[in-house]
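So the structure is just underneath, and the comments pick up after that.
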Amino acid sequence: MRRRISLLLISLTIMGSVFARGVYQAPMDFLAESFHGEVPESSLLLIDTSLEASVKQILGHRYESQRIRYWREEGRTAWILQEVGKTKPITVGIVVNQGKLERVKVLVFRESRGWEVRYPFFTDQFIGASLTESAELDKTIDGVTGATLSVSALTRLARLAILLHKESEK
Amino acid sequence: MPNMISKALALPALITLSMSLPAQAQSDVELGGYGEMHYNNLADGTRKLDFHRFVLFFGHEWNDSTRFFSELEIEHALAGESQPGEVELEQAYVEIDLNDKLSTQSGVFLLPIGILNETHEPDTFYGVERNPVEKNIIPTTWWEGGFGINGRAGMATSYSLHVHSGLLVDPTSFNIRSGRQKVANANTGSLAYTASMSWRGVPGMEIGAALQMQDDITQGASPTPASLTEFHIDMEKGSFGLRALYAGWQLNSAAARALNKDQQSGYYLEPSYKFSKKFGIFARMNSWDNSSGTATNTQMDYGINYWPHPKVAFKFDVQDHSDDTKDGFNLGVGYQF
């Protein structure tokens, strides 16, 4: 038994090739897909003092930059946002339509744990969610065992995207 | 539109920036930890306040595919000769990603068996003390030294295969828990092999199983091949939670049979309900037997967790044991960062 298991371990090790980080879709491709090939001109949203308080309420800290780029077509906006899961930032593409989440997609996942959150069985839970008055999602998002921090990061970004969408409409 | 600045910079430049800057801004060194203090009040007269665990995590990432992780623990606050506690190195391994679906693990690691063995930070489970089934049967917390492969298949299946140091069990008692060598000058005459698999294809649900085999858990003293089988479900859907686990050992030797130690198994069922993000209640039915069905223990636990912050938990529970002297209540506070 010992020899067979050792051989299996060696075989599995050799099967590995050059490591490729989890880049699942380039942001540009996400935008093209979201706007059916015609990506509108982008705009920048400034996180001013009043908005910063709301952002901090959702993230628990400031966003990494003070200007956030977005793309708008009528009542739809698209956002490329980042938030740290455990130790590494997760890059997520989010489309908000009339204040509700239309699309959430993990574009780059750099953590070594919690990779399941990139699949539609998890991200599809966000579709249709909007923000309550207390800036929470109005839908329950079930987590993924062992991926608590990644789930939490994605949920924060989903809330942030709706907040920013509303702000961009002012 | 007072806070909107129109006219974009070039999109490619933005994307390059958004994908690279934050990663570079992160530190290569990771520091974390958890701890828990317990108060036990039992019918046998136990009135104990104990800082049960103080743990520090240290990690380092050399590059995107090679990293180190460690867990250093002080148990029971005071370690040393004639003192109640210990200093333990529970994890210290190098992980190398071979591709985005396969990685190797070399060093000291927690065995992927059960629900609590790998994830046991106090804010992640109900009850002040860890459940008695995983403690007395698996036995959690269990770490060994060796080499392993962690892989993932499809959307939600992960698996692992490890070869590692094994148990050194005293053949006069066949006490599994006392057989953990803790990778401290561990006897490697008989290595052990652990395989595990888990599926998380539905949000909030994990179904897992593990199998361990060792040719001789006495390391030559009284040859006893042994195997451990474990199954579990860990579910949290909306406000409802459910944990269920079975684990069982088979010890195949005349010596183990003679002492009624050839079969050691247990299970628990733990439904829970969260009234909000801050309050949750649970009940847990535990049943375990380390003596081939001749000395079954049962224990009912009921309690509440209060999370003032998602990573900080205050706990209270009542335990009703089949041995009435072990009835009582427990209080605890725990954290992780």
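Note: hydrogens, waters and symmetry copies are ignored here, and every other heavy atom, side chains too, is used. Protein chains get the first letters and strands the later ones, always in sequence-line order, with residue 1 at the start of each.
- Listed by sequence position, A:Glu136, A:Thr140, A:Asp142, A:Gly143, A:Val144, A:Thr145 are the residues of residues 136-147 of chain A in contact with chain B, using a 4.5 angstrom heavy-atom cutoff.
- With a 4.5 Å cut-off on non-hydrogen atoms, B:Glu206 touches chain A through its backbone and its side chain both.
- Looking at B:Phe240, neither its backbone nor its side chain comes within 4.5 Å of chain A, counting heavy atoms on both sides.
- By the neighbour-count criterion of 12 heavy atoms within 6.0 Å, atom NZ of A:Lys166 is densely surrounded, having more than that number from other residues, nucleotides or ligands.
- Side chain to side chain, B:Gln214 and B:His164 fail the donor-acceptor criterion of an N or O pair below 3.5 Å.
- Proximity to chain A is absent for every atom of B:Ser160, based on heavy atoms less than 4.5 angstrom apart.
- A search for ring-ring contact (aromatic ring centres under 6.0 Å, His included) contacts involving B:His232 returns nothing, not counting sequence neighbours.
- Only the side chain of A:Leu149 comes within contact range of chain B, with at least one heavy atom under 4.5 Å from a heavy atom of that chain.
- Between the side chains of A:Arg103 and A:Ser34, a donor-acceptor pair is found at a separation under 3.5 Å.
- Looking at B:Glu95, the atoms closer than 4.5 Å to chain A (heavy atoms on both sides) all sit in the side chain, from C-beta outward.
- For B:Asn305, the side chain to side chain contact (heavy atoms under 4.5 Å, CB included) test picks out B:Tyr126, B:Trp307, B:Lys315, with sequence neighbours left out.
- A:Phe121 touches chain B through backbone and side chain together, each having a heavy atom under 4.5 Å away.
- Taking 4.5 Å as the limit, every side-chain heavy atom of A:Leu160 sits out of range of all side-chain heavy atoms of A:Glu83.
- Heavy atoms of B:Met205 lying under 4.5 Å from chain A belong exclusively to its backbone.
- Side chains of B:Gln250 and B:Ser227: no donor on one and acceptor on the other come within 3.5 Å.
- Scanning for side chain to side chain contact (heavy atoms under 4.5 Å, CB included) contacts around A:Ala78 gives A:Leu31, A:Phe35, A:Trp71, A:Val95, with sequence neighbours left out.
- Relative orientation of the B:Phe337 and B:Tyr335 rings is parallel, given thresholds of 30° and 60° on the angle between their planes.
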